[in-house]
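Structure record follows, encoded as structure tokens.
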Amino acid sequence: MAVTTKTKYWLMKTEPDVFSIDDLKASKDGSTHWDGVRNYLARNFMRDQMQWNDRVLVYHSNANPSCVVGTARICKTAYPDFTAWDPQDPHFDPKSKADHPTWYMVDIQFESKFSMPLSLAQLKEMPKLEGMELLRKGSRLSVQPVTKLQFDTIFKLGKPS
DNA sequence: GCCAACGTTGGC
DNA sequence: GCCAACGTTGGC
């Protein structure tokens, strides 16, 4: 049975000092594997729910200021995060085994860079974004679902046509 | 650099 | 199963 499912919307955090939206854009084919997620809830979203062509808001955390800076698409669904098996990798995790991976990743592809990045402070001012996970005090989830309204609201402001 | 919030670990 | 200690995230 063919299953068609609706596009889902996500937000993914990255530290621009480590990997920025410009780094994504400059990657081969504008895409990269989103390795290093070591949180079970974030993993579950990637492994169990992300579908090809889902849309992603890219957020720069630990930045000045921290901003939503652009968008991407899921271009490859979940597969084992091989960096967990590499003792030299900062995200090495001996719990993860080749025959029973603990951690997963997806590939994302650059879609757009905002002409107007939207800072956390700006987002907090927007009534339509009330309840958004990113805006919750103490929120640390690096991969999180957003609603279509949240995505569209941010996309419209960040990348005016 | 500070520190609040959070997730994980491990003793019991 | 409880919970204190610890390490990490991430805003400021």
Side-chain angles (χ1 to χ4, degrees), chain A residues 8-27 32-50 54-72 74 77-108 110-147 149-159:
Chain A
K8 293 198 187 73
Y9 301 86
W10 305 96
L11 180 144
M12 297 169 86
K13 298 180 184 175
T14 183
E15 299 189 30
D17 292 349
V18 179
F19 192 86
S20 72
I21 185 103
D22 290 324
D23 293 327
L24 177 63
K25 187 177 182 179
S27 299
T32 194
H33 54 271
W34 205 254
D35 63 281
V37 173
R38 297 292 181 269
N39 169 282
Y40 287 103
L41 187 50
R43 177 206 66 185
N44 291 349
F45 285 132
M46 291 198 295
R47 188 190 59 186
D48 305 336
Q49 295 196 33
M50 281 187 176
D54 277 359
R55 306 189 73 182
V56 179
L57 294 168
V58 178
Y59 178 78
H60 281 176
S61 61
N62 277 318
N64 295 300
S66 294
C67 288
V68 178
V69 291
T71 63
I74 303 301
T77 54
Y79 59 107
D81 182 342
F82 50 75
T83 67
W85 301 327
D86 177 3
Q88 302 304 117
D89 192 278
H91 301 291
F92 172 65
D93 182 356
K95 287 195 307 293
S96 186
K97 301 293 195 287
D99 58 354
H100 190 190
T102 306
W103 304 112
Y104 285 77
M105 59 187 173
V106 297
D107 287 4
I108 74 169
F110 176 83
E111 179 180 68
S112 72
K113 183 177 173 180
F114 286 174
S115 51
M116 187 173 75
L118 296 169
S119 71
L120 195 59
Q122 286 175 289
L123 299 175
K124 284 177 178 169
E125 296 297 312
M126 300 169 57
K128 281 183 180 171
L129 300 183
E130 198 177 346
M132 189 174 172
E133 169 64 20
L134 182 73
L135 308 183
R136 214 190 80 239
K137 188 181 180 188
S139 172
R140 291 173 20 180
L141 194 56
S142 65
V143 175
Q144 53 183 264
V146 299
T147 65
L149 175 65
Q150 288 162 352
F151 185 97
D152 290 344
T153 300
I154 291 171
F155 187 75
K156 196 183 300 178
L157 274 177
K159 189 173 180 291

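Lettering follows sequence order; numbering is per chain, from 1.
For Trp103(A) and Tyr40(A), the distance between ring centers is under 6.0 angstrom.
No contact: Arg38(A) has no heavy atom under 4.0 Å from any strand.
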Going 5' to 3' through nucleotides 5-12 of chain C and flagging B where a protein heavy-atom sits under 4.0 Å of the base, S where only the sugar-phosphate is that close, and - otherwise, we get --BBBBBS

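Annotation: salt bridge (charged side-chain N to carboxylate O under 4.0 Å, His left out) contacts involving residues 122-134 of chain A, sequence neighbours excluded, comprise Glu133(A)-Arg136(A).
Taking 4.5 Å as the limit, every side-chain heavy atom of Leu57(A) sits out of range of all side-chain heavy atoms of Met12(A). Counting only heavy atoms from C-beta outward, the side chains of Glu111(A) and Val58(A) never approach each other to under 4.5 Å. Side-chain contact check for Trp10(A) versus Gln144(A): every heavy-atom pair is 4.5 Å or farther apart.
Between the side chains of Ser61(A) and Arg140(A), no donor N or O sits under 3.5 Å from an acceptor N or O.
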For Asp81(A) and Val37(A): C-alpha separation, side-chain torsions, deciding distance, then whether side-chain contact (heavy atoms from CB on, under 4.5 Å) applies. CA-CA 9 Å; Asp81(A) 182 342; Val37(A) 173; 5.7 Å; no

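One axis for each end of the helix from dG1(B)-dC12(C) to dC12(B)-dG1(C), each built from five base pairs, and the angle between them comes to 10° at 10° resolution.
Across Thr77(A) and Met50(A), no two heavy atoms sit closer than the pair CG2-O, 3.8 Å.
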